[in-house]
Amino acid sequence: THFARHTSIAEAANVVTLRLYSVYGPWEEPTRLMPTLVAYARRGRLPPLADARVARDFVFVDDVVDAYLRVAASPVQGYGQVLNVASGVQSTLADVVACVRDLFGVDAEPRWGSMPDRAWDSDTWVGDPAAIAQAFGWRAATSLNTERLSSPRTIRTGARTDANCSGDGRYGGISRSPSNSAWFAR
């Protein structure tokens, strides 16, 4: 990031660095949080979990691709800019687990702290996407768990189509439409 910024300014090269927050979605490494939660939830279980207060700013991979395409295709000069590709919404591990439990009908109770925290875990992790919105008109279009998939995929996952991880405050920043169950089948 620093090298790209320095080179961009020193060489008058139009280099923009996109700082990605917690990207999730299809083709995600299976050992990461979302695929692991879903794999366990499909069996009615929950995996070992870190502290419930661990927070992330989740951004869907399609939105990340859109950000890259917008920046690459734009005539806007961004010499040395570093831009956050983030939803701007913080969700805790407790929020995500509660939503997945509701979505998949998992009765198992979370065992918080059954997995050790990692050095980078934090109870505050949220990006400010205002600069990329202003410079390139980009905003994350997908709230956590609102990916637009057809109902046959939803049913195939075993996810409940009547679950509602809506923005009612129960799940922090997570929102979800009951008919759009997620990327879980991919």
Side-chain angles (χ1 to χ4, degrees), residues 1-38 50-96 99-100 115-150 153 165 167 171-177 180-186:
T1 302
H2 294 295
F3 179 74
R5 181 174 167 75
H6 171 76
T7 302
S8 177
I9 294 167
E11 303 295 326
N14 188 20
V15 176
V16 176
T17 299
L18 299 184
R19 180 185 295 132
L20 308 182
Y21 275 68
S22 297
V23 181
Y24 72 101
W27 301 106
E28 186 173 357
E29 169 61 40
T31 60
R32 291 178 52 88
L33 174 64
M34 295 298 191
T36 299
L37 270 175
V38 170
D51 189 300
R53 296 168 296 181
V54 170
R56 294 289 182 269
D57 182 329
F58 292 100
V59 59
F60 190 58
V61 68
D62 289 358
D63 292 329
V64 172
V65 170
D66 181 54
Y68 273 105
L69 292 174
R70 281 179 185 247
V71 171
S74 176
V76 173
Q77 302 298 303
Y79 297 98
Q81 283 186 303
V82 178
L83 304 171
N84 293 333
V85 177
S87 69
V89 176
Q90 177 172 288
S91 297
T92 65
L93 185 55
D95 296 331
V96 175
C99 185
V100 168
M115 181 184 116
D117 292 344
R118 282 84 37 100
W120 60 86
D121 283 341
S122 171
D123 62 0
T124 304
W125 191 319
V126 63
D128 181 358
I132 193 170
Q134 182 178 6
F136 297 98
W138 180 87
R139 290 195 188 284
T142 310
S143 298
L144 185 60
N145 294 337
T146 62
E147 295 71 49
R148 297 163 292 281
L149 297 178
S150 63
R153 278 202 156 169
C165 300
Y171 306 113
I174 299 173
S175 63
R176 174 188 170 283
S177 165
N180 299 328
S181 273
W183 51 271
F184 298 136
R186 293 186 182 177

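Judged as a salt bridge (Lys or Arg N to Asp or Glu O under 4.0 Å), not a single pair has a partner in residues 17-26 (not counting sequence neighbours). Residue pairs meeting the salt bridge (Lys or Arg N to Asp or Glu O under 4.0 Å) criterion with at least one member in residues 64-78, sequence neighbours excluded: D66-R70.
For P116 against A50, the heavy-atom pair with the smallest separation is O-CB, 4.5 Å. Closest non-hydrogen pair, W138 versus N84, comes out as CZ3-O, 4.5 Å.
Residues D57 and S22 bring no donor and acceptor atom of their side chains to less than 3.5 Å of each other.
Contact check for F58 versus Y21: no side-chain heavy atoms found under the 4.5 Å cut-off. S143 places none of its side-chain heavy atoms less than 4.5 Å from the side chain of V89. Contact of the L20 side chain with the Y68 side chain is registered, since non-hydrogen atoms from C-beta on lie closer than 4.5 Å.
Without hydrogens or angle criteria, D117 side chain to D51 main chain gives a donor-acceptor distance under 3.5 Å. Side-chain atoms of S8 come within 3.5 Å of backbone N or O of G80 as a donor-acceptor pair. Checking side-chain atoms of D63 against main-chain N and O of A141 turns up a donor-acceptor pair under 3.5 Å.
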Donor-acceptor pairs are to be reported for all side-chain atoms of residues 121-137 against protein atoms at under 3.5 Å, with residues two or more places apart or in another chain.
{"from": "D121", "atom 1": "OD1", "to": "R56", "atom 2": "NH2", "distance (Å)": "2.8"}
{"from": "D121", "atom 1": "OD1", "to": "R118", "atom 2": "NH2", "distance (Å)": "3.0"}
{"from": "D121", "atom 1": "OD2", "to": "R118", "atom 2": "N", "distance (Å)": "2.8"}
{"from": "D121", "atom 1": "OD2", "to": "R118", "atom 2": "NE", "distance (Å)": "3.1"}
{"from": "S122", "atom 1": "OG", "to": "T124", "atom 2": "N", "distance (Å)": "3.0"}
{"from": "S122", "atom 1": "OG", "to": "T124", "atom 2": "O", "distance (Å)": "2.8"}
{"from": "D128", "atom 1": "OD1", "to": "A130", "atom 2": "N", "distance (Å)": "3.0"}

List, one per line, each side-chain donor-acceptor pair under 3.5 Å for residues 31-38, sequence neighbours excluded.
{"from": "T31", "atom 1": "OG1", "to": "E29", "atom 2": "OE2", "distance (Å)": "3.4"}
{"from": "R32", "atom 1": "NE", "to": "E28", "atom 2": "OE2", "distance (Å)": "3.1"}
{"from": "T36", "atom 1": "OG1", "to": "P30", "atom 2": "O", "distance (Å)": "3.3"}
{"from": "T36", "atom 1": "OG1", "to": "T31", "atom 2": "O", "distance (Å)": "3.3"}
{"from": "T36", "atom 1": "OG1", "to": "R32", "atom 2": "O", "distance (Å)": "2.8"}

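The salt bridge (Lys or Arg N to Asp or Glu O under 4.0 Å) check on R5 picks up nothing, with sequence neighbours excluded. Legend: residues meeting side-chain hydrogen bond (donor to acceptor under 3.5 Å, both in side chains) with Y79, ordered by chain and number and at least two apart, are Q77.
Applying side chain to side chain contact (heavy atoms under 4.5 Å, CB included) to V64 and the options L69, V23, L18 leaves one that passes, V23.
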